[in-house]
Amino acid sequence: MSRYIIDKSKLIENIELLKKMAGVPIIGVVKGNGYGFGILELTEILKENRIKTFAITEVSDIPVLKTILDDEDILVMRSTCIEAEAEMIAANGCIATIGSSESCRVMDEVSKKLNVKTKCHLKIDTGMGRYGFMPSEISEAINCYTAENLEFTGMYTHFSSAFRNEELTRAQLVLFKDAAEQIKKAGYDTGILHCANSPALLNVDGVSLDAVRLGSAFTGRVITKNKNPLNRLGCLEAEVIDIKTVPAGYSVGYNGTYKTKRETKIAIIPIGHYDGFGLEKEKELYDLRYSLSVFKQVLKKKQMYVRINGRMYHVIGGIGLSHTAVDITGSDVKCSDIASVDISPLLVNPRIERVYM
């Protein structure tokens, strides 16, 4: 049976290092099943390490987090005009994101119906193009502060290219700060200001403001211009479940696309596409390095590997839904030996057990 292994001590090292780098409170982003680390497991560890505010995007995560959080804040980074979602946010005392006049109206009406005052963070769209008031809509944003059943305690934006474009990131920051100043001039308190995500903290100086929102940085799997000091965490592992030897010229895998060139000893590993092995996150097509890598892969098919007993072995015959064949010719690999693959936690099937060592 496969499982995703995470070194808890190394994760805590990442958390402490990021605290020092940030110099301001960290909002722990645990969306996407805790960036694949398990939302409950990651949240619990962040809480143990004195993270006080958590951020999600799906309202369905609210009752899950409420099982382990007490006085900690939950910021829902989702500007929603759906009444049922607004009710879930307001009824559970979460912090709502207000990114449009309609989302403000819905949240205000729902809060009035529930007889609560909902805390909110205003979202400014400085270039991401998703949630948020554009700088040209600042008058509409200011009107939100008059809502009787809403209490604005913060304001934020999201950097779109902090992993590769420092100039654009700084331009976004200027737009955000200008919006904040206009709100202050109108006589309203913006509350805490936060912009920096994981790539911004690790790539661009001076963007932390009052708090930073970090998620992928905890895993150590974040795009940076230079080598970063974080531990790269997480590997998918399973036992070798069978071994066989086949003659030269023997077909392996679907459609017989691979044929052995010699007598070959094969290990069968119960890891495949269903587990997330062999899948890839979508790359940015404007990245020259990616374009070159695609060209190289056209010329020579990318070789996949599995680590067994500290040594790397070639995958042969392609990766199946549930199984992978590995060439272990000349080795002493045996059944029950542990095989592992380096894989982003975001690609690992949520049903796979997360094991913290």
Side-chain angles (χ1 to χ4, degrees), residues 1-15 32-42 44-45 216-222 228-246 250-254 257-258 260-281 301-357:
M1 182 180 295
S2 61
R3 57 265 175 193
Y4 195 69
I5 305 298
I6 300 147
D7 187 327
K8 183 176 179 179
S9 65
K10 296 295 185 183
L11 172 58
I12 293 173
E13 284 183 14
N14 283 354
I15 295 169
N33 192 29
Y35 276 82
F37 271 26
I39 186 169
L40 287 177
E41 295 90 339
L42 179 60
E44 192 70 66
I45 292 171
S216 60
F218 296 128
T219 73
R221 296 171 178 269
V222 58
N228 70 67
L230 299 171
N231 300 301
R232 181 183 175 90
L233 302 178
C235 69
L236 187 65
E237 71 171 34
E239 288 81 8
V240 174
I241 57 172
D242 206 354
I243 292 174
K244 66 186 302 178
T245 300
V246 300
Y250 199 85
S251 297
V252 179
Y254 286 111
T257 54
Y258 181 88
T260 57
K261 296 179 175 59
R262 50 167 167 67
E263 183 178 81
T264 303
K265 185 179 178 183
I266 299 173
I268 308 301
I269 317 296
I271 290 175
H273 290 312
Y274 179 77
D275 304 278
F277 184 39
L279 305 182
E280 287 190 36
K281 289 175 65 179
K301 189 175 180 180
K302 182 179 179 181
Q303 179 66 62
M304 303 295 288
Y305 295 88
V306 171
R307 182 184 297 276
I308 308 174
N309 300 333
R311 178 180 165 187
M312 303 299 284
Y313 295 93
H314 292 158
V315 169
I316 58 175
I319 298 168
L321 182 66
S322 307
H323 298 91
T324 296
V326 179
D327 184 349
I328 58 168
T329 305
S331 77
D332 59 357
V333 171
K334 60 185 183 300
C335 286
S336 79
D337 283 350
I338 302 297
S340 66
V341 294
D342 180 58
I343 175 175
S344 166
L346 289 172
L347 300 180
V348 178
N349 190 321
R351 296 184 178 183
I352 301 297
E353 181 184 12
R354 270 61 175 175
V355 178
Y356 281 79
M357 306 295 288

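Side chains included, hydrogens not; waters and symmetry mates left out as well; all remaining heavy atoms used. It should be emphasised that the depicted structure is a prediction, and the values quoted were computed from it without experimental measurement.
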J.: Are the side chain of Asn33 and the backbone of Tyr35 linked by a donor-acceptor contact shorter than 3.5 Å?
T.: no
J.: Considering only heavy atoms from C-beta outward, does the side chain of Phe277 approach that of Thr324 to under 4.5 Å?
T.: yes
J.: In Å and rounded to the nearest 0.5 Å, what is the CG to CZ distance from Asp332 to Arg311?
T.: 9.0 Å
J.: For Thr260 and Tyr250, indicate whether the former's side chain and the latter's backbone hold a donor-acceptor pair under 3.5 Å.
T.: yes
J.: Can you name the closest pair of heavy atoms from Leu233 and Phe218 and give their distance?
T.: CD1-O, 3.8 Å
J.: Is the closest basic N to carboxylate O distance between Glu239 and Arg3 below 4.0 Å?
T.: yes
J.: Find the distance between CG (Asn231) and CD1 (Ile12) and round it off to the nearest 0.5 Å.
T.: 11.5 Å
J.: Restricting to non-hydrogen atoms, name the atom on Arg354 and the atom on Ile352 that form the minimum distance, rounded to 0.1 Å.
T.: NH1-O, 2.8 Å
J.: Determine whether Ile6 and Met357 satisfy the following criterion, side-chain contact (heavy atoms from CB on, under 4.5 Å), listing intermediate values before the conclusion.
T.: CA-CA 6 Å; Ile6 300 147; Met357 306 295 288; over 6 Å; no
J.: Looking only at heavy atoms, which two atoms of Val306 and Ala339 are closest? And how far apart?
T.: CG1-CB, 3.7 Å
J.: Indicate yes or no: does Asp342 engage Arg232 in a salt bridge with an N to O separation below 4.0 Å.
T.: yes
J.: Do Ile343 and Tyr4 have side chains that approach each other closer than 4.5 Å (heavy atoms only, starting at C-beta)?
T.: yes
J.: Test Ile269 against Val240 for side-chain contact (heavy atoms from CB on, under 4.5 Å), laying out the working first.
T.: CA-CA 5 Å; Ile269 317 296; Val240 174; 3.6 Å; yes
J.: Side chains of Ile241 and Cys335, heavy atoms from C-beta outward: is any pair under 4.5 Å?
T.: no
J.: We want to know whether Thr264 and Asp327 form a side-chain donor-acceptor pair, criterion being a heavy-atom distance below 3.5 angstrom.
T.: no
J.: Between Asn228 and Val222, does the side-chain contact (heavy atoms from CB on, under 4.5 Å) criterion hold? Intermediate values first, please.
T.: CA-CA 9 Å; Asn228 70 67; Val222 58; 4.2 Å; yes
J.: Just checking Met1: does its CE atom have more than 12 heavy atoms from other residues, nucleotides or ligands closer to it than 6.0 angstrom?
T.: no
J.: Using modelled atom types only, decide if a donor and an acceptor are shared between the side chain of Tyr274 and the backbone of His323 within a distance under 3.5 Å.
T.: no
J.: Roughly how far, to the nearest 0.5 Å, is OG of Ser331 from CD1 of Ile308?
T.: 7.0 Å
J.: Looking only at non-hydrogen atoms, find the nearest pair between Gly278 and Ile319 and report the distance.
T.: CA-CD1, 3.7 Å
J.: Would you give the length of the straight line joining atom CD of Gln303 to atom NE2 of His314, rounded to the nearest 0.5 angstrom?
T.: 4.5 Å
J.: Do Ile266 and Ile328 touch side chain to side chain, with heavy atoms closer than 4.5 Å?
T.: no
J.: Could you grab the distance from atom CD of Glu263 to atom OG1 of Thr245, nearest 0.5 Å is fine?
T.: 6.0 Å
J.: Give me the atom names and distance for the closest heavy-atom approach of Pro345 to Thr219.
T.: CG-CG2, 4.4 Å
J.: Show your reasoning for whether side-chain contact (heavy atoms from CB on, under 4.5 Å) applies to Arg307 and Tyr313.
T.: CA-CA 6 Å; Arg307 182 184 297 276; Tyr313 295 93; over 6 Å; no
J.: For the residue pair Ile5 and Tyr356, establish whether any side-chain heavy-atom pair is separated by less than 4.5 Å.
T.: no
J.: Just do the side chain to side chain donor-acceptor pair (under 3.5 Å) check on Asn349 and Asp275 with the steps written out, would you?
T.: CA-CA 5 Å; Asn349 190 321; Asp275 304 278; over 6 Å; no
J.: For the residue pair Thr329 and Lys265, what are the closest heavy atoms and their distance?
T.: OG1-N, 3.0 Å
J.: Quick one: CD on Glu13 to CG on Leu230, what's the gap to the nearest 0.5 Å?
T.: 10.5 Å
